[in-house]
Amino acid sequence: MKNTAIYPGSFDPITNGHIDIIERASRIFGGVVVAVLNNDEKKHLFPVAERLAFLRASLKHLPNTVIKTFDGLLVNFAEKCGTNLIIRGLRMVSDFDYEFQMTLTNRQLNPDLETVFLMTDAKYSFLSSSLVRQVASFRGKIGHLAPPAAAAALKKKFGGK
Ligand code: ADP
């Protein structure tokens with residue numbers, strides 16, 4: 001696909017904020033590769049296979065989106081995909097430091113790599129996977145925060161409504 005961009009992340013699990021960014025990206029770019037980072041399995045709540053399954057179930061309405069997994073450096077994965085475009089989502093100023101650091105590090109590794117930042121809808125500006133995990137772990141309502149596949153798995157894991 002022409003003008004394909006990679007949206008990398010942990011997606012542990014996917015939230016409605018991620019979906020908002022992917023929908024925006026799929027309207028701008030010819031194709032979007034949603035790339036699940038598979039570096040350190042132990043730190044994650046869901047194994048990569050489950051994170052991929054939640055993404056597949058949640059992105060069916062976006063035909064120019066493919067879901068992949070990668071490990072190691074993002075610059076190497078981008079080269080393998082034949083693109084130099086990276087998408088990252090921005091919520092609040094608090095994201096900026098980390099994203100700036102990552103972007104400049106990646107640029108040093110490959111000066112051709114361009115990172116494009118998309119701003120989320122205001123209603124998702126507070127939302128993160130860790131927040132969803134935390135609310136779910138206390139059996140709080142999460143149906144409005146995460147897509148059905150992820151919400152169902154969280155409810156199964158922790159109990160709750
Ligand atoms: P990572 O561990 O790489 O930060 P995440 O899955 O947490 O992986 O996030 C992937 C990308 O999605 C990051 O660019 C992050 O800033 C962005 N993101 C996460 N939650 C939201 C949200 N609610 N709105 C917009 N962007 C988001």
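Atoms within a ligand are numbered from 1 in the order they appear, just like the ligands themselves.
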Give every residue pair that meets the salt bridge (charged side-chain N to carboxylate O under 4.0 Å, His left out) criterion with at least one member in residues 126-138, sequence neighbours excluded.
-> D12-R133
Would you say E99 touches ligand 1, if touching means a heavy atom closer than 4.0 Å?
->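 It does; at least one heavy atom falls under 4.0 Å.
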Determine whether any heavy atom of F117 lies closer than 4.0 Å to an atom of ligand 1.
->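 Judged by the 4.0 Å heavy-atom criterion, F117 does not count as contacting ligand 1.
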Using a heavy-atom cut-off of under 4.0 Å, does the side chain or the backbone of [X] touch ligand 1, or both, or neither?
X    : answer
R91  : side chain
S125 : neither
F126 : neither
L127 : both

So is there a nitrogen or oxygen of [X] less than 3.5 Å from a nitrogen or oxygen in ligand 1?
X    : answer
S129 : no
T15  : no
T120 : yes
G89  : yes

Atom NZ of K155 and atom CD1 of I142: how far apart are they, to the nearest 0.5 Å?
->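 Nearest 0.5 Å value for the NZ-CD1 distance: 5.5 Å.
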Between [X] and [Y], is any pair of side-chain heavy atoms under 4.5 Å apart?
X    : Y    : answer
E99  : F117 : yes
Y124 : H18  : no
L62  : I19  : no

For atom 3 (O) of ligand 1, which candidate among M102, R88, H18 provides the closest heavy atom?
->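 Selected option, by shortest heavy-atom distance: R88.
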Have a look at F96, F11, Y7 and point out the one with the heavy atom closest to atom 18 (N) of ligand 1.
->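 Considering heavy atoms of F96, F11, Y7, the nearest to atom 18 (N) of ligand 1 sits in Y7.
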among protein heavy atoms, the one nearest atom 2 (O) of ligand 1 is S10 OG, 2.7 Å
Please report the C-alpha distance between V34 and V66 in whole Å, then the side-chain angles of each, then the deciding distance to 0.1 Å, and finally whether the side chain to side chain contact (heavy atoms under 4.5 Å, CB included) criterion is met.
-> CA-CA 6 Å; V34 180; V66 295; over 6 Å; no
Run the numbers for me: atoms of ligand 1, each under 4.0 Å from some heavy atom of P8, listed by number.
-> 10 (C)
Which residues pass the salt bridge (Lys or Arg N to Asp or Glu O under 4.0 Å) test with R107, sequence neighbours left out?
-> E114
Close aromatic pair by centroid cut-off 6.0 Å: F11 and F46 =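 Distance test on ring centres: not under 6.0 Å, no.
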So does F100 have more than 12 non-hydrogen atoms from other groups sitting under 6.0 Å from CZ?
->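 It does not: F100 CZ has 12 such atoms or fewer within range.
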